> 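What follows is a single structure, and I will ask about it in a moment.
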Amino acid sequence: MSIFKPDGKNDIHDGIPHEMGAGKPLIDSTDSAMLLIDHQSGLFQTVKDITVAQLRANTVMLAKLATLVKMPVITTASVPTGPNGPIMPEIQECAPHSVFVPRKGEVNAWDNQMFAETVKKTGKKTLIMAGVWTSVCVMFPALSAKAAGFKVYAVIDASGDPSEMVSRTTLARFVQAGVIPTSTNSILAEVQRTWNRSDADDFAKLYGIVSPNYGALIESYQKAQEVVRDKK
């Protein structure tokens, strides 16, 4: 059972008293959809502002997080039969419920009517976007969705650009347009909100993906707990 209700308040309901309204400015997972755009093997080779390994790992985490909390996932690719290459298979593997929307050459995914309609049909008003390139494949649909009345988050470290300068320029334009830049660890914690939940162990594993050092911390803690139990 979800500890959040689709009532627009985004309060935690876990049987413990919490400050009402504290979650209002945070991501409401009951009203969110994940859009993973153009995470393609060819485009990955042009990314210079983040390592491809980290980019892929962070994207995998987003897909797994969406699956864990039953959040809709929509994917698309830019001419996957051309040099941009196929979409990374891990997304479908980690989010088997994801819906792929083919495009007919549109650079801006939101220009594709099927894509925009698929997003609208989720009924969600908050969109969490990531993709390659950040400056194009995330920027354009983010601006279009914002203009269409959606609240839009751009996950910067699950996206990639050809240079640091392009990335900085993109970030400035996001802020200017009212698109909210964020990171994978922030999205993860914002959706989780509390460790007092039955799936806390599953969330802990996701932290290990975005921060291997945190994963090592968890492993050492678990080992210490085993030692304590064995001594009893």
Side-chain angles (χ1 to χ4, degrees), residues 29 32-112 114-119 121-122 124 127-142 153-162 167 182-185 187-188 191 199 201-212 214-215:
S29 60
S32 299
M34 187 86 68
L35 311 186
L36 301 178
I37 304 169
D38 300 354
H39 287 94
Q40 297 168 248
S41 60
L43 291 175
F44 282 156
Q45 297 177 52
T46 68
V47 171
K48 301 300 180 183
D49 61 333
I50 185 173
T51 66
V52 173
Q54 189 65 62
L55 169 57
R56 293 183 81 128
N58 290 343
T59 304
V60 163
M61 195 288 293
L62 291 179
K64 289 188 173 184
L65 174 63
T67 301
L68 179 59
V69 299
K70 298 180 172 57
M71 184 184 296
V73 177
I74 299 171
T75 66
T76 186
S78 174
V79 196
T81 57
N84 288 349
I87 194 169
M88 57 182 281
E90 299 98 312
I91 295 177
Q92 178 63 33
E93 293 166 2
C94 299
H97 69 295
S98 63
V99 176
F100 176 78
V101 179
R103 306 209 305 275
K104 298 181 179 180
E106 300 96 340
V107 174
N108 179 1
W110 205 268
D111 275 329
N112 183 282
M114 183 185 298
F115 182 84
E117 288 301 318
T118 301
V119 173
K121 285 178 181 177
T122 66
K124 311 300 184 182
L127 305 180
I128 301 170
M129 293 190 186
V132 180
W133 293 331
T134 323
S135 55
V136 177
C137 306
V138 181
M139 173 70 75
F140 296 174
Y153 289 82
V155 190
I156 304 303
D157 60 350
S159 307
D161 257 329
S167 183
T182 188
S183 59
T184 48
N185 63 308
I187 290 289
L188 175 54
V191 169
D199 52 4
D201 287 346
D202 295 319
F203 274 94
K205 293 174 183 176
L206 296 183
Y207 282 102
I209 296 175
V210 297
S211 175
Y214 192 85

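Computed from a predicted structure; not experimentally measured. Just the heavy atoms: all of them, side chains too, but no hydrogens, waters or symmetry mates, feed the values below. We're numbering straight along the sequence, starting at 1.
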> To the nearest 0.5 Å, what is the distance between OG1 (Thr59) and CD (Glu90)?
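The distance works out to 8.5 Å.
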> Show the nearest heavy-atom pair for residues Val107 and Val136, with the distance to one decimal.
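Closest approach of Val107 to Val136, heavy atoms only: CG1-CG1, 3.4 Å.
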> Flag the pair Phe203 / Val69 as yes when at least one side-chain heavy-atom distance between them is below 4.5 Å, and no otherwise.
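Sidechains of Val69 and Phe203: in contact.
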> Quick check: closest heavy atoms across Trp133 and Asp161, and the distance to 0.1 Å?
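Answer, listing the atom of Trp133 first, then Asp161: CB-OD1, 3.3 Å.
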> Are any of the side-chain heavy atoms of His97 and Thr67 separated by less than 4.5 Å?
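In short, these two side chains touch, coming nearer than 4.5 Å.
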> For residues Lys64 and Leu68, determine if any side-chain heavy atom of one lies less than 4.5 Å from a side-chain heavy atom of the other.
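When only atoms from C-beta onward are counted, Leu68 and Lys64 do not touch, as no gap falls below 4.5 Å.
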> Donor-acceptor pair, His39 side chain versus Ala158 backbone, under 3.5 Å?
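Yes: the side chain of His39 pairs with the backbone of Ala158.
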> What distance do Leu55 atom CG and Ile156 atom CD1 have between them, rounded to the nearest 0.5 Å?
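Rounded to the nearest 0.5 Å, the CG-CD1 separation comes out at 11.5 Å.
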> Distance from Ser98 atom OG to Ile91 atom CD1, nearest 0.5 Å?
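It comes to 7.5 Å.
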> Closest approach of Ala63 and Ala95, non-hydrogen atoms and distance?
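Minimum heavy-atom contact is O-CB, 3.8 Å.
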> Mind checking whether Cys94 and Met61 have side chains closer than 4.5 Å, heavy atoms only?
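In short, these two side chains do not touch, never coming nearer than 4.5 Å.
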> Between Thr118 and Thr76, is the side-chain contact (heavy atoms from CB on, under 4.5 Å) condition met? List the steps.
CA-CA 11 Å; Thr118 301; Thr76 186; over 6 Å; no
> Leu206 versus Asp202: any side-chain heavy-atom pair under 4.5 Å?
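Of all side-chain heavy-atom pairs linking Asp202 with Leu206, none is under 4.5 Å.
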> Taking the side chain as every heavy atom from C-beta outward, state whether Thr184 and Ile209 have any pair of such atoms under 4.5 Å apart.
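Thr184 does not reach Ile209 side chain to side chain.
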> In Å and rounded to the nearest 0.5 Å, what is the NZ to CE distance from Lys104 to Met114?
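Here the interatomic distance stands at 6.5 Å.
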> Closer than 3.5 angstrom, by distance alone: can the side chain of Thr46 be matched with the main-chain N or O of Pro162 as a donor-acceptor pair?
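Judged by distance alone, no pair lies under 3.5 Å.
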> Quick check: are there more than 12 heavy atoms from other residues, nucleotides or ligands sitting under 6.0 Å from CD of Gln45?
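Not buried by this count: 12 neighbours or fewer within 6.0 Å.
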> Which heavy-atom pair separates Ala66 from Met34 by the least distance, and what is that distance?
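Closest approach of Ala66 to Met34, heavy atoms only: CB-CE, 4.1 Å.
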> Distance-only, no hydrogens or angles: does the Asn112 side chain make a donor-acceptor pair with backbone N or O of Phe115 under 3.5 Å?
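Yes, Asn112 side chain to Phe115 backbone: donor-acceptor pair under 3.5 Å.
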> Under a 3.5 Å distance rule, please check whether Asn84 uses its side chain to pair with a backbone N or O of Val79 as donor and acceptor.
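Not a single qualifying donor-acceptor pair exists.
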> OG of Ser41 to CZ of Arg56: how many Å apart, nearest 0.5 Å?
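So the OG of Ser41 and the CZ of Arg56 are separated by 7.5 Å.
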> Grab the two heavy atoms, one from Ser183 and one from Val155, that are nearest each other, plus how far apart they are.
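What the structure gives for the nearest pair is C-CG1, 3.8 Å.
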> Decide yes or no for Trp110 and Val119: does some side-chain heavy atom of the first lie under 4.5 Å from some side-chain heavy atom of the second?
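Contact flag for Trp110/Val119 side chains = yes.
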> Hey, is the main chain of Asp157 close enough, under 3.5 Å, to the side chain of Asn58 for a donor-acceptor pair?
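Here the side-chain-to-backbone pair exists.
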> If you apply the rule side-chain contact (heavy atoms from CB on, under 4.5 Å), what do you find for Leu36 with Met88, and how did you get there?
CA-CA 10 Å; Leu36 301 178; Met88 57 182 281; over 6 Å; no
> Can you name the one residue among Leu35, Ile37, Ile87 that meets side chain to side chain contact (heavy atoms under 4.5 Å, CB included) with Thr75?
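Output: one option passes, namely Ile87.
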> When you look at Asp38 and Ser78, which way does the side chain to side chain donor-acceptor pair (under 3.5 Å) test go after all the steps?
CA-CA 6 Å; Asp38 300 354; Ser78 174; 4.5 Å; no
> Can you name the closest pair of heavy atoms from Val138 and Ala130 and give their distance?
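What the structure gives for the nearest pair is CG2-C, 3.6 Å.
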> Without swapping roles, check the side chain of Thr134 against the backbone of Gly160 for a donor-acceptor pair under 3.5 Å.
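Judged by distance alone, yes, a pair lies under 3.5 Å.
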